[in-house]
Q: 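Here it is: the structure, laid out below.
The structure presented is a predicted model; accordingly, all values stated were derived computationally and were not measured.
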Amino acid sequence: MLEVVSFSDVSEYHDDADLPVALDAVSSRRGGFLHGTKIATTSGWKLIERIAAGDLVRTLDHGFKEVRRVSTSWVNIPAGERRSAHLPIFVPARAAYNGRAVWLMPEQGVALDRGKLDLTDQGVSVLPARVLDGACRLSSQSPGSSFEVTTLFFDQDEVIYIEGGLQAYCPSGRFSRTSGQAKEYTVADEDAATALVGALAASGEISALANPLGALPAPIPTDPIFPIRPAAGIRRPGRPGRPSAPVLFLRPEWQTAPAVQ
């Protein structure tokens with residue numbers, strides 16, 4: 001079984017060791033993202049280890065949402081571990097829309113669009129990554145004897161985009177869940193998850209797991225590309241002979257100093 005030690009914010013270290021002291025007990029079969037995984041944010045792709053509370057992450061259904069808490073753990077895999085349920089899932093380059101390999105923890109939820117497999121069945125189901133072993137070139141492997149994993153938490157359950165357009169499920173952690181406001185995601189039981197993966201393998205439709213529109217997130221500008229349209233009757237600035245527009249309608253770099261009298 002995987003051995004996990006968990007820490008957050010400030011880590012304590014032994015004098016004679018490189019691993020952090022276990023400050024909290026966590027499940028060895030868990031979700032989260034291996035360090036090196038890229039997450040879609042307002043500034044484009046960002047490594048998971050560089051994401052902090054307060055960053056805005058792109059979600060499937062709710063636009064950009066603020067990360068409320070970040071938890072990091074160090075995972076050790078004993079030599080000789082071969083059980084697929086205890087090994088991360090390896091997504092090889094170009095298995096989805098990823099230009100390089102991606103790793104998923106065995107219990108990391110992935111969102112599967114059922115409508116891509118069956119036009120009569122619409123909706124999203126969340127599956128643990130471990131059930132994807134053997135489907136669409138995905139397999140259970142060990143990325144190394146030890147590695148770091150980071151988990152993101154939001155105000156409500158969210159499905160976020162990671163590199164390759166893969167849709168990853170992040171539970172809220174039950175911090176400030178408000179009934180009726182959060183979109184519910186169906187977490188499939190073992191039998192339903194196995195059936196869905198069988199249908200995925202038979203169809204080879206990787207877009208059920210990875211959205212091509214989420215594979216290349218563009219940075220989101222904080223300023224308008226063009227000046228705001230002026231009110232009716234006010235001519236646009238920028239051409240000879242036109243009156244100066246109020247500062248409200250110009251981006252900072254377009255503003256000019258007033259003429260000296």
Side-chain angles (χ1 to χ4, degrees), residues 7-10 31-73 91 93-105 108-113 124 126 129 147-178 181-185 206-229 247-255:
F7 61 97
S8 59
D9 294 332
V10 179
F33 306 99
L34 276 70
H35 282 198
T37 304
K38 295 180 180 179
I39 309 296
T41 71
T42 51
S43 56
W45 292 123
K46 191 172 184 179
L47 292 172
I48 182 67
E49 59 266 32
R50 296 182 179 175
I51 290 183
D55 286 352
L56 296 177
V57 169
R58 185 181 181 187
T59 69
L60 177 65
D61 294 299
H62 306 128
F64 287 89
K65 287 297 182 180
E66 180 182 351
V67 176
R68 299 304 301 271
R69 186 167 69 93
V70 177
S71 175
T72 301
S73 300
V91 184
R94 294 178 294 279
Y97 306 103
N98 52 314
R100 62 174 192 150
V102 180
W103 293 90
L104 300 171
M105 286 294 285
Q108 172 57 49
V110 290
L112 182 146
D113 185 350
V124 170
V126 175
F147 49 87
E148 287 183 280
V149 173
T150 290
T151 305
L152 305 180
F153 297 92
F154 298 85
D155 278 332
Q156 62 188 46
D157 294 352
E158 299 289 357
V159 171
I160 68 173
Y161 289 107
I162 66 175
E163 58 183 309
L166 293 164
Q167 302 164 155
Y169 174 68
C170 295
S172 66
R174 304 299 190 270
F175 288 125
S176 59
R177 179 188 295 275
T178 303
Q181 293 186 359
K183 179 179 176 63
E184 296 292 337
Y185 294 102
I206 194 64
S207 64
L209 289 175
N211 189 332
L213 297 179
L216 297 172
I220 306 301
T222 55
D223 293 315
I225 298 176
F226 299 103
I228 301 174
R229 180 179 293 276
V247 171
L248 172 66
F249 299 121
L250 291 178
R251 289 175 58 169
E253 59 267 32
W254 296 343
Q255 296 174 16

Q: For E158 and S172, indicate whether the former's side chain and the latter's backbone hold a donor-acceptor pair under 3.5 Å.
A: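 Between the backbone of S172 and the side chain of E158 there is no qualifying donor-acceptor contact (under 3.5 Å).
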Q: About how many Å separate OG1 of T59 and CD of Q156, when rounded to the nearest 0.5 Å?
A: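 The distance works out to 8.0 Å.
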Q: State the CZ-CZ distance between R100 and R94, to the nearest 0.5 angstrom.
A: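 So the gap between those two atoms works out to 13.0 Å.
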Q: Assess R68 against F154: is NZ or CZ under 6.0 Å from the centre of the six-membered ring, and within 45 degrees of the ring's axis?
A: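 Negative - R68 is either too far from the ring of F154 or too far off its axis.
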Q: Assess, by modelled atom type and distance only, whether the side chains of S71 and T151 contain a donor and an acceptor separated by less than 3.5 Å.
A: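 Result is no, nothing qualifies.
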Q: Do you know the tightest heavy-atom contact between L34 and I48?
A: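 Shortest heavy-atom contact: O-CG2, 3.5 Å.
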Q: Please give me the minimum heavy-atom distance between A168 and Q108, naming the atom from each residue.
A: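 In terms of heavy atoms, the two residues are closest at CB-NE2, 3.8 Å.
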Q: Treating S207 as the side-chain partner and A210 as the backbone partner, does any N or O pair qualify as donor plus acceptor under 3.5 Å?
A: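 It does not hold such a pair.
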Q: Carefully, step by step, assess I206 and Y97 under the rule side chain to side chain contact (heavy atoms under 4.5 Å, CB included).
A: CA-CA 9 Å; I206 194 64; Y97 306 103; 4.3 Å; yes
Q: Would you call V91 and N98 a side-chain contact if the rule is heavy atoms closer than 4.5 Å?
A: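 They are in contact (side-chain heavy atoms under 4.5 Å apart), so the answer is yes.
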Q: Using 0.5 Å steps for rounding, measure from the CG atom of D113 to the CD atom of Q167.
A: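 One finds 7.0 Å between CG of D113 and CD of Q167.
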Q: Taking H35's backbone N and O only, do any of them form a donor-acceptor pair with E148's side chain (distance below 3.5 Å, no angle check)?
A: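 No; judged by distance alone, with no hydrogens or angles, the pair does not exist.
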Q: Considering all heavy atoms of both residues, which atom of A111 and which atom of V159 are nearest to each other, and what is their separation?
A: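 Heavy atoms of A111 and V159 come nearest at CB-CG1, 3.8 Å.
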Q: Using 0.5 Å steps for rounding, measure from the NE2 atom of H62 to the CG atom of D157.
A: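 Taking NE2 in H62 and CG in D157, the distance rounds to 9.5 Å.
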Q: Minimum heavy-atom separation for A53 to V70, with atom names?
A: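 Heavy-atom minimum between the residues: N-CG2, 3.9 Å.
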Q: Could you tell me whether the side chains of Y185 and D61 share a donor-acceptor contact shorter than 3.5 Å?
A: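 The criterion, which ignores hydrogens and geometry beyond distance, is satisfied for D61 and Y185.
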Q: Would you say that F64 contacts T41 through its side chain, given a criterion of any heavy-atom pair below 4.5 Å between the two side chains?
A: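 With C-beta onward as the side chain, the pair stays apart.
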Q: What do the steps show when you test L60 against Y161 for side chain to side chain contact (heavy atoms under 4.5 Å, CB included), and what is the final call?
A: CA-CA 7 Å; L60 177 65; Y161 289 107; 3.1 Å; yes
Q: First locate atom OG1 of T150, then atom CZ of F33, and finally report the distance between them rounded to the nearest 0.5 Å.
A: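 T150 OG1 to F33 CZ: 9.5 Å, rounded to 0.5 Å.
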Q: Just wondering, do T42 and V57 contact through their side chains at under 4.5 Å, heavy atoms?
A: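 No, side chains not in contact.
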Q: What residue among T37, V102, V110 forms side chain to side chain contact (heavy atoms under 4.5 Å, CB included) with L166?
A: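 Among T37, V102, V110, the one meeting side chain to side chain contact (heavy atoms under 4.5 Å, CB included) with L166 is V102.
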Q: Please list all pairs meeting salt bridge (Lys or Arg N to Asp or Glu O under 4.0 Å) that have one or both residues in residues 31-49, counting only residues at least two apart or in different chains.
A: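 For residues 31-49: K46-D55.
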